[in-house]
Trainee: 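Have a look at this one.
Below, read A as the first sequence line, B as the second, and so on, with proteins coming before strands; counting in each chain starts at 1. Model, not experiment: these values are computed from the prediction.
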Protein chains: 2
Amino acid sequence: MAGERAATLSDVAREAGVSLATASRALNGSDRVVRPELQERVLAAATKLGYTPNANAQAMARGSTETVGLLVKDIADPYFSTIAGGLADEAEKHGLLVMLCNTGGQAEREQKFLAALRRQRSRAIVLAGSDTTDMGHTREVADLLTSYLDGGGRAAAISQPRLPVDTVVIDNHGGAKALAERLVGLGYRRAAVLTGPEDLLVSTERHAGFAEGWLEATGSKPAYVADEFSRDGGHRAMSRLLEDGPEADCVFAVNDLMAVGALAACRQAGVEVGKDLAVAGFDDIATLRDVTPGLTTVRLPLADIGRLALELVLGEPSAELRKQSVHGEVVLRESTPPRS
Amino acid sequence: MAGERAATLSDVAREAGVSLATASRALNGSDRVVRPELQERVLAAATKLGYTPNANAQAMARGSTETVGLLVKDIADPYFSTIAGGLADEAEKHGLLVMLCNTGGQAEREQKFLAALRRQRSRAIVLAGSDTTDMGHTREVADLLTSYLDGGGRAAAISQPRLPVDTVVIDNHGGAKALAERLVGLGYRRAAVLTGPEDLLVSTERHAGFAEGWLEATGSKPAYVADEFSRDGGHRAMSRLLEDGPEADCVFAVNDLMAVGALAACRQAGVEVGKDLAVAGFDDIATLRDVTPGLTTVRLPLADIGRLALELVLGEPSAELRKQSVHGEVVLRESTPPRS
DNA sequence: CTGAAAGCGCTAACAC
DNA sequence: GTGTTAGCGCTTTCAG
């Protein structure tokens, strides 16, 4: 039954017949060394008593924890879960525990989590996907982060350098632009973009990058229709596009999820993607690599991005903000065949 | 710059001109009440000093934390990330922080995480996907869990009731069996199962359930080929099946990921799924709902399962182990049309 | 209602 | 090497 007050270090010390300090040193190899004999006695006592160090007490005494926080918009979204996987892997290597904070994209929650992480004296914080054009919120987050940093914490962001912290910058603009160029190279001439909400930075950047590439290559600006940054958003946007009479021969959905929704909408409308119309996405989500037709997209090394972010935030603190750029790679598949 | 030793409660107390005790009571509404006037003074002092409570110190003093641990095999796998999403949502409602532990299916890591969670004095632990037929490891985990429980912790498992804790039992057997029956009802007569490794319980259960249903309905046992419990495993298994000459008119892959791999293998082999051959999966992973042909599967309420697990582990501790059953629902799609 | 004081479990000077 | 002894920051009796 739940009784038996957990054994503490003093219990172990007493049992081993040594001082508290020695027990402490024996159980966690500090710089000081203890005689092997005592060492053993302490270890034996610890096992005998089923001693487990109390991390909270250690954190207090040492003034630092073994915990890093990770803020994501939605862990169920493969984009974030892949990043989280990479980061979790890296954390494990460093013996760190990851606090998963699912913000649901709500500014309020995001701030609450930040505060909680600060209370926990989390060693570091990584923010993924909290890019918004909402300056009020960005400001608020920046403030929280700053006071966290002042307290000796470390933080990094993934995606856009809008926060006063180190960041793994994802080249959304460049990736989308490169994609546009490739599509033009394949013979496409009229594009439409399926984009997300205006206040979502990833979305607007990809849209802008694509538009820029397209404009430079063809002299014309792609049309666009905005909706949610999700599978259903893509479906709706594409449906609307189709209804309005598709002037386009090629559609760029700003992420793979939207692209898949678009694919479904086409199927339902009897439009054959890869023949009647080309469709491309962005991210190269692993589970989506088997859709038909194969989806042309811009591959992002998501797991590496997670790893990188942790490395960045764990690395030597530097005076100036570091930016680590990550570029996507265009992956051509059947959804955008060369145009005959 | 990072200086300014973070303000502590005593700083606040001094600033407000009250005792430590009063400051504590004012800042976190204990049972005791403080005069509104003082209350205000304390609050003001706290904001002025930018005070943030130290959760570790609170944990020590109170003897309990605001943290729950979640063990998953692979957070990048949509199955687990969806569960994690549901659980994270629920945790947020309870004001709890989630420690994400990515075990990678390694027994050793799993045990390390369990120990870490115990050290952290995590309020509760939820284990997802640690089902193995490896009794040695199961035993080890059971022991760790037991001592954690003895220390006043709470724990729950998702999937199979092999651990001495409350569990959200997923009816893999029943779901697969129901699927088999439906397929037979559709006119299929010769089945093959694409299954995972033998020591993976989910996989063996689904296989067994399907086989039982099939046997009862047709009098014959489905063939099977085993490989990894992943997209690539499904691909390889299906390829092998196809090479050996597909005696089957219908293939059941024990999860959607494998099924998608199988779909790809069929495509490459020129076998048209939904016509030449039927294919079904299990889980109903959201991002896979748009593959073509639509994949027949057994839908599991993954997010709810995550929520449920947390509710279970947070609920009134009961003497006997609780089991909360969750059943899947067969979802018929184009990959298994009625057989003409 | 408020304050003084005793811990919570552990680490890190500081002596020996 | 090993032991003593302050704290780390907060909560919670126990008096007043």
Side-chain angles (χ1 to χ4, degrees), chain A residues 4-43 45-46 49-67 116 118-123 151-152, chain B residues 4-43 45-46 49-67 116 118-123 151-152:
Chain A
E4 297 295 335
R5 183 184 64 65
T8 73
L9 190 57
S10 359
D11 296 334
V12 176
R14 194 177 321 117
E15 173 79 22
V18 300
S19 75
L20 227 200
T22 302
S24 171
R25 299 197 267 252
L27 288 175
N28 67 22
S30 69
D31 10 346
R32 282 200 168 16
V33 187
V34 294
R35 196 166 6 129
E37 182 203 325
L38 285 192
Q39 173 96 22
E40 251 172 66
R41 242 162 59 202
V42 174
L43 256 35
L49 266 36
Y51 170 71
T52 311
N54 181 323
N56 291 300
Q58 294 182 308
M60 267 200 66
R62 298 208 254 249
S64 88
T65 63
E66 306 276 65
T67 301
R118 181 157 181 233
R119 262 197 313 262
Q120 300 287 333
R121 300 299 188 262
S122 210
R123 218 206 201 41
Chain B
E4 298 294 337
R5 186 183 62 65
T8 72
L9 190 56
S10 0
D11 296 334
V12 175
R14 193 177 322 116
E15 173 78 22
V18 301
S19 75
L20 228 199
T22 302
S24 171
R25 298 197 267 251
L27 254 17
N28 68 22
S30 69
D31 11 345
R32 282 199 166 17
V33 186
V34 293
R35 203 173 352 135
E37 183 202 326
L38 286 192
Q39 172 97 20
E40 251 172 66
R41 244 164 54 203
V42 174
L43 257 34
L49 298 175
Y51 170 72
T52 310
N54 181 323
N56 291 300
Q58 293 183 309
M60 262 197 65
R62 299 209 255 247
S64 88
T65 63
E66 305 276 65
T67 300
R118 181 158 179 232
R119 262 197 313 264
Q120 300 288 333
R121 300 298 188 262
S122 209
R123 220 205 199 41

Trainee: Could you identify which residues of residues 8-19 of chain B place a heavy atom less than 4.0 Å from some atom of DNA chain D, listed by residue number, or say none?
Mentor: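 Within this stretch, B:T8, B:L9 sit under 4.0 Å of the strand.
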
Trainee: Once you round to the nearest 0.5 Å, how far does OG of B:S19 lie from CZ of B:R14?
Mentor: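 Interatomic distance, B:S19 OG to B:R14 CZ, rounded to 0.5 Å: 13.0 Å.
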
Trainee: Can you tell me which residue pairs pass the side chain to side chain donor-acceptor pair (under 3.5 Å) test with a partner in residues 49-58 of chain B, sequence neighbours excluded?
Mentor: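 Applying side chain to side chain donor-acceptor pair (under 3.5 Å) to every pair that reaches into residues 49-58 of chain B, excluding sequence neighbours, yields A:R118-B:T52.
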
Trainee: Which residues pass the side-chain contact (heavy atoms from CB on, under 4.5 Å) test with A:R25, not counting sequence neighbours?
Mentor: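 A:R25: side-chain contact (heavy atoms from CB on, under 4.5 Å) contacts with A:A21, A:T22, A:S30, A:R32, A:V34.
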
Trainee: For chain B and DNA chain D, what are the first and last nucleotides along the strand, 5' to 3', with at least one atom under 4.0 angstrom from a heavy atom of the protein chain?
Mentor: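 Contact span on the strand: D:dG9 to D:dC14.
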
Trainee: Applying side-chain contact (heavy atoms from CB on, under 4.5 Å), can you list everything that pairs with A:S64, at least two apart in sequence or on another chain?
Mentor: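 Partners of A:S64 by the side-chain contact (heavy atoms from CB on, under 4.5 Å) criterion, ordered by chain and then number, come out as A:R123.
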
Trainee: Return no unless some side-chain N or O of A:Q58 is found under 4.0 Å from OP1 or OP2 of C:dC10.
Mentor: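 Result: no.
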
Trainee: Which ones in residues 49-57 of chain A lie close to DNA chain C, meaning a heavy atom under 4.0 Å from one of its atoms?
Mentor: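 Residues of residues 49-57 of chain A under 4.0 Å from DNA chain C: A:Y51, A:P53, A:N54, A:A57.
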
Trainee: Does the A:T65 side chain pair with the main chain of A:R121, one donor and one acceptor, at a distance under 3.5 Å?
Mentor: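 Checking the backbone N and O of A:R121 against the side chain of A:T65, a donor-acceptor pair under 3.5 Å is found.
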
Trainee: Give me, pair by pair, the N or O atoms of the protein and of nucleotides 14-16 of chain C that are less than 3.5 Å apart, along with how far apart they are.
Mentor:
none

Trainee: Sub-3.5 Å donor-acceptor pair from the side chain of B:Q39 to the main-chain atoms of B:A26, do we have one?
Mentor: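 Side chain of B:Q39 to backbone of B:A26, a donor-acceptor pair under 3.5 Å: yes, one is there.
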
Trainee: Rounded at 0.5 Å granularity, tell me how far CZ in A:R35 sits from CD in A:E40.
Mentor: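 The CZ atom of A:R35 sits 12.0 Å away from the CD atom of A:E40.
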
Trainee: Kindly give the heavy-atom pair with the smallest separation between B:M60 and A:A57, and that separation in Å.
Mentor: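 In this case the closest contact between B:M60 and A:A57 is SD-CA, 3.4 Å.
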
Trainee: Within the 4.0 Å heavy-atom criterion, would you say A:L38 contacts the bases, only the backbone, or no part of the nucleic acid?
Mentor: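 Sugar-phosphate only.
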
Trainee: Sequence neighbours left out, what passes side-chain contact (heavy atoms from CB on, under 4.5 Å) with A:L49? Give chain and number order.
Mentor: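 Only A:A7, A:D11, A:V12, A:E15 meet the side-chain contact (heavy atoms from CB on, under 4.5 Å) criterion with A:L49.
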
Trainee: Would you kindly give the CZ-to-P distance between B:R41 and C:dC1, to the nearest whole Å?
Mentor: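 Roughly 16 Å, once rounded to whole Å.
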
Trainee: Over the length of the helix from C:dC1-D:dG16 to C:dC16-D:dG1, how much do the five-pair end axes diverge, rounded to 10 degrees?
Mentor: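 Rounded value for the end-axis angle: 40°.
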
Trainee: Can you run down the salt bridge (charged side-chain N to carboxylate O under 4.0 Å, His left out) pairs that involve residues 51-62 of chain B, sequence neighbours left out, and say none if there aren't any?
Mentor: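 Sorted pair list comes back empty.
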
Trainee: By nearest heavy atom, map A:A23 and A:R62 onto DNA chain D; which one lands nearer the 5' end?
Mentor: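 This one resolves to A:A23.
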
Trainee: A:R41: what forms a salt bridge (charged side-chain N to carboxylate O under 4.0 Å, His left out) with it, not counting sequence neighbours?
Mentor: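 Per chain and number, A:R41 pairs via salt bridge (charged side-chain N to carboxylate O under 4.0 Å, His left out) with A:E37.
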
Trainee: Among residues at least two apart in sequence or on other chains, which ones pass side-chain contact (heavy atoms from CB on, under 4.5 Å) with B:A13?
Mentor: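 If we apply the side-chain contact (heavy atoms from CB on, under 4.5 Å) test to B:A13, skipping adjacent residues, the hits are B:V18, B:A23.
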
Trainee: Flag the pair A:P53 / A:L27 as yes when at least one side-chain heavy-atom distance between them is below 4.5 Å, and no otherwise.
Mentor: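 Sidechains of A:L27 and A:P53: no contact.
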
